[in-house]
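So the structure is just underneath, and the comments pick up after that.
Only heavy atoms go into these numbers, but all of them, side chains included; no hydrogens, no water, no symmetry mates.
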Amino acid sequence: PLLWAGDFNTQSCKKLLILQEQAQALGLTFVSFDPDVRTKSKLGRQPLDHVLSRGLEVISSSCLPGGSDHVALRVVFEVHR
């Protein structure tokens, strides 16, 4: 299993595309959030923080109130066996 998460600073479509290309090359999938209230760039209104995984099943995902300058993200995974 592989988990890749953090502030990827994807403030533009170009930066997001680079992240998507790298994720595809590594066989990673993006975790979705509903409602999606992740911290967004002031420039392009793109989410800055992402969670990507491979070999893990997402049980639940949520954006948590509070945190510092970014909304905290919580994801519960189950390992595929």
Applying side chain to side chain donor-acceptor pair (under 3.5 Å), which residue pairs with at least one partner in residues 16-26 are found, sequence neighbours left out?
none
Taking every non-hydrogen atom, the tightest pair across His50 and Phe8:
O-CE1, 3.6 Å
Pairwise side chain to side chain donor-acceptor pair (under 3.5 Å) hits with a residue in residues 52-63, at least two apart
none
Return the minimal non-hydrogen interatomic distance between Gln46 and Cys13, and the atom names on each side.
NE2-SG, 3.3 Å
side-chain hydrogen bond (donor to acceptor under 3.5 Å, both in side chains) partners of Asn9, counting only residues at least two apart:
none
Could you pull out all residues at least two apart from Thr39 that satisfy side-chain hydrogen bond (donor to acceptor under 3.5 Å, both in side chains)?
none
Is the shortest side-chain heavy-atom distance between Leu48 and Gln11 below 4.5 Å?
yes
State, to 0.1 Å, how close Pro47 and Thr10 come at their nearest heavy-atom pair, and which atoms those are.
O-OG1, 2.5 Å
Which ILVMFWY residues can you reach from Val51 by hopping between side chains whose heavy atoms are under 4.5 Å apart?
Leu3, Val31, Phe33, Leu56, Val58, Leu73, Val75, Phe77, Val79
Linking I/L/V/M/F/W/Y whenever any side-chain heavy atoms sit under 4.5 Å apart, do Phe30 and Leu2 land together?
yes
Mind listing the closest non-hydrogen atom pair of Pro35 and Cys63 along with its distance?
O-SG, 3.9 Å
Partners meeting salt bridge (Lys or Arg N to Asp or Glu O under 4.0 Å) with Asp36 (sequence neighbours left out):
Arg38
Return the NZ to CD1 distance between Lys14 and Ile18, rounded to the nearest 0.5 Å.
6.0 Å
